[in-house]
Amino acid sequence: MEPKVGSSNLPSCTKKWKNKKKFKPSKELPSGFIDRQEKELLIRDFVISNIKEVMIKYGFQYLETPSFEYTDSIGKFLPDKERPGEGVFSFEDENRWISLRYDLTAPLARYVAKNYNEIPKPFKRYQLGTVWRNEKPGPGRYREFLQFDADYVGTNNLQADAELCILISEILERCGLDKSDYIVNVSSRKFTDNLFKKLNIISDEQKTTTLRALDKIERLGWIEVQKLLGEGRKDKSGDYTKGANLKNDQIKIIEKALKNNEPDTEDVLEIINIFNAYNFKNYKFDPSIIRGLEYYTGPIFEVNLKFDVKNLKGQNIQFGSIGGGGRYDNLVSNFGNLDYPATGISIGLDRLVFALMQKKDFKFKSTRPIVICVFDKNNTKQYVEILNKLREANISSEIYPGEGKLKKQMEYANKIQSPGVIFYGDDEIKKAEVKFRNLKTGEEISVKIENLANEIKKFI
RNA sequence: GCACGAGUAGCUCAGUUGGUUAGAGCAGCGGUUUGUGGAACCGAAGGUCGGCAGUUCGAAUCUGCCCUCGUGUACCA
């Protein structure tokens, strides 16, 4: 992008100097970045704790890699070779380009290549971390989000692939979803490879366009996808997408292959056998799932929610999958090490949390403090005495942190959804009693200091 | 990236043949009540009308460019 010359496009830092008095820092956030509030964070914590338990149960190691990597460590393997470097946040650091990671798989490949001699083989690791993508945000999609990844590195055994699907299901169900709320779709890159042979498609461009079109079946339906396989399609905003230019008889072959809906590649058949051995049933063979175009080499999976998701305005939105993965046998060998097959799966945690918030009414124990009202600052010592009693009993509590009348203090307590307030003014101090007002019921009790913690515990 | 829509007080929004000093509800602040929240009443305050330029005697309103948000679409590791 060329910087424009002229006062209207001066960067804000320049404006600041030009007009010191008027300058106000922006309260807006950069596009695609958001603040996250307690409710969402608590549900996210809940999801994370489920993930960790399941991962330990399945025998995975916990790993953390840094946010930044050298751009060529992760960038050279960008599947979209048409515009390398785009889509990631990068800057030059001491003459070398570094980038914020855009997923956890590329850093894993780098980690494995770097620690090739030390790691167990096969290597099973899981990772939770923020990733960044420099692209247009969409409904429930931001430019910074939390991802969970579980990978098996160094094994061709398809039991690994099957277990990934099973463990992800276990995580979802622990988080409160029913079997009817989600489905694990399974396919294989080999299915489309076979299809291309049948169709006699050799050109990479046509392959890519065809795959992209097939990927849209769930969202657009077969009729629209047919247009994308043929000449092209105009969407309802009037935008036109060029198609793959397949001939009608070729499209018919694809239609037949999709309708058949029976897995005909050995890898998928074997995975299904393993699913049976585990008595895992919540999957479907779906040849229309595509995933990363040049990245995956074998089985691929995608987890989709089956309920409607709404945005903040209450409109239903195209939510897409909440996770997926597959087998990527070339990623580690790109670093020069020997062939090292791998398979992995990931969940977009923020999107899962967004959907969970709508599906389930989560009730958490109050995290809000009991508020000790301040009648007279000279009595701080007495207030601290009460405060310590509560905090020693592990009860969230605070002395009113502001200034002002009792009414104001009550309004504050109400606003933060405090379970109750404590009155310890002159009257109570004389009687050596504490008054506790339950803010939910309005009920008020007087108790001796030594019984206070136990009495309050009954209410929270 | 492309297309369509939107941007007016902290929030939700009124505000058209362009016309004085830009409105309301809620929230916030002060008071009625200096020891009791969620209710009521009263009062004051709050705005570069997203930004910059243009047309005009006069622009929230018309035009252009830009920014941001939303939705779809493209791309998606």
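To find a chain, count down the sequence lines: A is the first, B the second, and so on, and within it residues start at 1.
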Classify [X] by what it touches in the nucleic acid, base, sugar-phosphate, or nothing, heavy-atom distance under 4.0 Å.
{"X": "A/K408", "answer": "sugar-phosphate"}
{"X": "A/L220", "answer": "sugar-phosphate"}
{"X": "A/K216", "answer": "sugar-phosphate"}
{"X": "A/T105", "answer": "nothing"}
{"X": "A/G32", "answer": "sugar-phosphate"}
{"X": "A/Q417", "answer": "nothing"}

Could you give the [atom1]-to-[atom2] distance, from [X] to [N], as a whole number of Å?
{"X": "A/I370", "N": "B/G37", "atom1": "CD1", "atom2": "C1'", "value": "14 Å"}
{"X": "A/R219", "N": "B/C75", "atom1": "CZ", "atom2": "P", "value": "9 Å"}
{"X": "A/K407", "N": "B/G37", "atom1": "NZ", "atom2": "C1'", "value": "8 Å"}
{"X": "A/I34", "N": "B/U68", "atom1": "CD1", "atom2": "C1'", "value": "16 Å"}
{"X": "A/F375", "N": "B/G35", "atom1": "CZ", "atom2": "P", "value": "8 Å"}
{"X": "A/K415", "N": "B/C29", "atom1": "NZ", "atom2": "P", "value": "9 Å"}
{"X": "A/Y400", "N": "B/U36", "atom1": "OH", "atom2": "P", "value": "15 Å"}
{"X": "A/R233", "N": "B/C75", "atom1": "CZ", "atom2": "P", "value": "11 Å"}

With respect to the side chain of [X], which nucleotide from [options] is positioned closest?
{"X": "A/L228", "options": "B/G35, B/C76, B/A74", "value": "B/A74"}
{"X": "A/E444", "options": "B/C75, B/G35, B/U36", "value": "B/U36"}
{"X": "A/F423", "options": "B/G37, B/G35, B/A77", "value": "B/G35"}

Do [X] and [Y] pair up side chain to side chain, a donor and an acceptor below 3.5 Å, judged on atom types alone?
{"X": "A/D151", "Y": "A/Y328", "value": "yes"}
{"X": "A/D267", "Y": "A/S188", "value": "yes"}
{"X": "A/S446", "Y": "A/E428", "value": "no"}

Side-chain-base donor-acceptor pair under 3.5 Å for [X] and [N]:
{"X": "A/K136", "N": "B/G72", "answer": "yes"}
{"X": "A/K435", "N": "B/U36", "answer": "yes"}
{"X": "A/N414", "N": "B/G38", "answer": "no"}

Could you tell me whether [X] and [Y] have a side-chain N and a carboxylate O separated by less than 4.0 Å?
{"X": "A/E69", "Y": "A/R110", "answer": "yes"}
{"X": "A/R101", "Y": "A/D103", "answer": "no"}
{"X": "A/E231", "Y": "A/K242", "answer": "no"}

When the [atom1] atoms of [M] and [N] are compared, how many Å lie between them, rounded to an integer?
{"N": "B/U12", "M": "B/C69", "atom1": "P", "value": "15 Å"}
{"N": "B/G58", "M": "B/A24", "atom1": "P", "value": "29 Å"}
{"N": "B/C67", "M": "B/G25", "atom1": "C1'", "value": "30 Å"}
{"N": "B/U21", "M": "B/G47", "atom1": "C1'", "value": "13 Å"}
{"N": "B/G31", "M": "B/A22", "atom1": "C1'", "value": "28 Å"}
{"N": "B/A39", "M": "B/G23", "atom1": "P", "value": "28 Å"}
{"N": "B/A59", "M": "B/G38", "atom1": "C1'", "value": "45 Å"}
{"N": "B/A6", "M": "B/U61", "atom1": "P", "value": "14 Å"}

For a quick test of reading the model: is some side-chain N or O of A/S31 closer than 4.0 Å to OP1 or OP2 of B/C69? yes
Does A/R291 make a side-chain N or O approach to OP1 or OP2 of B/A77 shorter than 4.0 Å? no
Pairing partner (Watson-Crick or G-U wobble, both distances under 3.5 angstrom) of [N]:
{"N": "B/G10", "result": "B/C26"}
{"N": "B/U17", "result": "none"}
{"N": "B/U71", "result": "B/A3"}
{"N": "B/U32", "result": "B/A40"}
{"N": "B/G46", "result": "none"}
{"N": "B/A77", "result": "none"}
{"N": "B/U63", "result": "B/A53"}

Heavy-atom nearest nucleotide on RNA chain B taken for A/R133 and for A/M410; more 5' hit belongs to A/M410
Judged by nearest nucleotide, the residue sitting upstream toward the 5' end of RNA chain B, A/D426 or A/K440, is A/D426
| request: Look at the aromatic rings of A/F33 and A/F89 and report parallel, tilted or perpendicular, splitting at 30° and 60°. | output: tilted
Next item on the list: Please confirm whether A/K306 makes a cation-pi placement over A/Y182, using NZ or CZ under 6.0 Å from the six-membered ring centre and within 45° of the ring normal.
Entry: no
